[in-house]
Trainee: 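Have a look at this one before I ask anything.
Side-chain atoms are counted along with the backbone in the values below, which use heavy atoms only and exclude waters and symmetry mates.
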Amino acid sequence: MTSNTRVVVIGAGLAGVRLARRLGELGVPALLVGEEEHRPYNRVLLAEVLAGRYSPDVIALPAPAALTRARVTGIDRVERTVSCADGSRIAYGTLVLATGSNPVLPPLRGLFTPDHVLPEGVHAFRTMDDCLGLSKAVRPGTKAVVIGGGLLGVSAARALARRGAQVVLAQQSERLMERQLDPNASQLVKRHLTDLGVEIHTECRVRDVRCVGGAVRSVEMADGYALDADLVVVACGVHPRAGLAKEAGLAVRKGVLVDDELRTSDPHIRAIGDCAQHDGTVYGLAAPALEQADVLAELLAGNTSARYAGTRALTRLTLTGQDSLDLAAFGETVPQPGDDVVQLTDHTRGTYRKVVVRDDRLVGGVLVGELGTVGALARAWEGAEPLPSDGGPLLHLLTNDGGS
């Protein structure tokens, strides 16, 4: 395997592992480089590890044989090598950036120590180390504050509550998961968390993280209200991890810019997953990352007709257990003037289904509770085909698992 043919994949997350394994199946040797000490794992399921339902081994990914652990520190595009923190260099013919994303850490007073590290008791929630650190710190009765009410914050708050913590969730916007859900669905998620004992504050901005002796003690809001805290989880979203690409002189905006063949501005370097920006979009979701990996595997194996045309991404959250929470959202969940809306609600069972139709086409939907119809609805949305005008098939799509 010579340097002018070797595929080197930086990043052992979902996208990188999927690509390396698909290349192996297609007979293309690839070296996967990951910097975490743990076996590659499914990041989507970290909340279940934190909740105590799964051990880390359960969410491990089947890693390819050619996996090396190293932290890549630079890319030499002329020599086609990458340099690592241990002083080693790895030659490549094609380099693939699957570096993922970093947690957003907002500019709050007291969030970092003078040495620019998080104080004791303050955690991000992005990696297995973050998850294990939180698991070690939480105890029944622990006072935990979760900053952020998006998908990550909701997952973290629920997991901590299931571990017996006294959880307060602070959300700056007016409702939970506002980017994915409509107001009715957000209210159901809020009710689910409240039933678990989570105290929820919306439309409040965190101003300060107060520490004593290097350890967190409270979180202060912009209005001066203070929340006691033994533990703080910062769940304010993620941003593409594109530093390596930027330092190497590749074109970067929000993420690393790629074309329909997932090429960067250097024809010998590709990018997939959370770090990549295709046609103006950084997805930050598992499904597009896996689709990009599959397309790139075909391209690198010689299928010159393969192209990535974008993904119509569906957001799905499934948290299992006796107090399970299932939700899915796709497309435009808030209608525009002139749109038709069909919704079914069962307050007793805590289920909610809604679809938005525009010009006889399904343009979005949201489901909370029973998700038996989500596959059929997603296929109708992805196909973008006109729906029959009598509305019968649409109602069937909403209720074909028995209805609610």
Side-chain angles (χ1 to χ4, degrees), residues 1-36 38-43 60-72 74-84 88-100 240-242 244-245 248 250-251 255-279 283 285-311:
M1 186 165 58
T2 60
S3 62
N4 64 347
T5 62
R6 177 159 61 174
V7 177
V8 174
V9 183
I10 302 176
L14 278 172
V17 169
R18 174 70 156 250
L19 174 62
R21 287 184 59 81
R22 289 288 294 126
L23 287 173
E25 293 166 0
L26 294 169
V28 179
L31 174 65
L32 182 64
V33 183
E35 69 178 41
E36 291 191 54
H38 308 280
R39 291 170 58 190
Y41 57 89
N42 185 346
R43 201 179 308 276
L61 297 171
L67 168 64
T68 187
R69 287 182 172 82
R71 184 169 64 86
V72 175
I75 302 169
D76 187 328
R77 292 167 53 193
V78 176
E79 296 293 328
R80 288 201 219 168
T81 61
V82 297
S83 53
C84 302
S88 63
R89 298 176 75 85
I90 301 172
Y92 67 84
T94 297
L95 181 66
V96 181
L97 301 177
T99 48
R241 194 176 178 189
L244 272 177
L250 300 177
V256 185
L257 297 183
V258 296
D259 62 14
D260 290 353
E261 295 182 43
L262 299 161
R263 287 179 301 203
T264 69
S265 53
D266 182 326
H268 301 292
I269 302 178
R270 315 280 181 125
I272 58 174
D274 288 7
C275 71
Q277 180 176 347
H278 174 266
D279 195 23
Y283 289 97
L285 295 168
L290 295 174
E291 185 176 344
Q292 290 169 4
D294 289 344
V295 170
L296 184 53
E298 291 291 328
L299 284 163
L300 296 180
N303 180 358
T304 57
S305 64
R307 294 292 184 274
Y308 178 68
T311 302

Trainee: Examine distances only and state if a side-chain atom of Arg43 and a backbone atom of Leu14 form a donor-acceptor pair shorter than 3.5 Å.
Mentor: no
Trainee: Would you call Arg69 and Glu35 a salt bridge, taking side-chain N to carboxylate O under 4.0 Å as the test?
Mentor: no
Trainee: Spell out, as yes or no, whether a donor-acceptor pair under 3.5 Å connects the side chain of His268 to the backbone of Arg80.
Mentor: no
Trainee: Between Thr99 and Cys275, is there a donor-acceptor pair closer than 3.5 Å when you use the side chain of the first and the backbone of the second?
Mentor: no
Trainee: Hey, mind stepping through Asp294 and Arg18 against salt bridge (charged side-chain N to carboxylate O under 4.0 Å, His left out) and telling me if it holds?
Mentor: CA-CA 7 Å; Asp294 289 344; Arg18 174 70 156 250; 2.8 Å; yes
Trainee: Do you know which of Thr264, Leu257, Leu244, Val258 makes side-chain contact (heavy atoms from CB on, under 4.5 Å) with Leu250?
Mentor: Thr264
Trainee: Side chains of Pro62 and Arg21, heavy atoms from C-beta outward: is any pair under 4.5 Å?
Mentor: yes
Trainee: Main chain of Thr304, side chain of Arg307: is a donor-acceptor contact present, judged purely on distance under 3.5 Å?
Mentor: yes
Trainee: Glu261 and side-chain contact (heavy atoms from CB on, under 4.5 Å): which partner among Val295, Leu300, Leu299?
Mentor: Leu299
Trainee: Pro40 and Val17: which non-hydrogen atoms are nearest, and at how many Å?
Mentor: CB-CG2, 3.7 Å
Trainee: Checking the side chain of Arg6 only, and the main-chain atoms of Ala91 only, is there a donor and an acceptor separated by less than 3.5 Å?
Mentor: yes
Trainee: Tyr283 and Gln292: side-chain donor and acceptor closer than 3.5 Å?
Mentor: no
Trainee: Do Thr68 and Cys84 have side chains that approach each other closer than 4.5 Å (heavy atoms only, starting at C-beta)?
Mentor: no
Trainee: Indicate the atoms forming the closest heavy-atom contact of Ala297 with Leu19, along with that distance.
Mentor: N-CD1, 3.6 Å
Trainee: Which distance, rounded to the nearest 0.5 Å, do you find between the CG of Asp76 and the CD1 of Ile90?
Mentor: 13.5 Å
Trainee: Please name the pair of heavy atoms, one in Ala289 and one in Ala15, separated by the smallest distance, quoted to 0.1 Å.
Mentor: CB-CB, 4.0 Å
Trainee: So for atom CZ, which belongs to Arg71, do other residues, nucleotides or ligands contribute more than 12 heavy atoms lying within a distance under 6.0 Å?
Mentor: no
Trainee: Quick one: does any side-chain atom of Ser265 pair with a main-chain N or O of Ala251 as donor and acceptor, under 3.5 Å?
Mentor: yes
Trainee: Where do Asn303 and Ser305 land on the side chain to side chain contact (heavy atoms under 4.5 Å, CB included) test, with the steps shown first?
Mentor: CA-CA 6 Å; Asn303 180 358; Ser305 64; 2.7 Å; yes
Trainee: What are the two closest heavy atoms between Ala12 and Leu67, and how far apart are they?
Mentor: CB-CD1, 4.4 Å
Trainee: Looking only at heavy atoms, which two atoms of Ala20 and Leu32 are closest? And how far apart?
Mentor: CB-CB, 4.3 Å
Trainee: Minimum heavy-atom separation for Ala66 to Ala30, with atom names?
Mentor: CB-O, 3.3 Å
Trainee: Is the backbone N or O of Ala293 less than 3.5 Å from a side-chain atom of Arg22, with the two atoms forming a donor-acceptor pair by type?
Mentor: no
Trainee: Only one of Leu95, Val96, Leu296, Leu31 clears side-chain contact (heavy atoms from CB on, under 4.5 Å) with Val7; which?
Mentor: Val96
Trainee: Working to the nearest 0.5 Å, report the span between CD1 of Ile10 and CD1 of Ile75.
Mentor: 5.0 Å
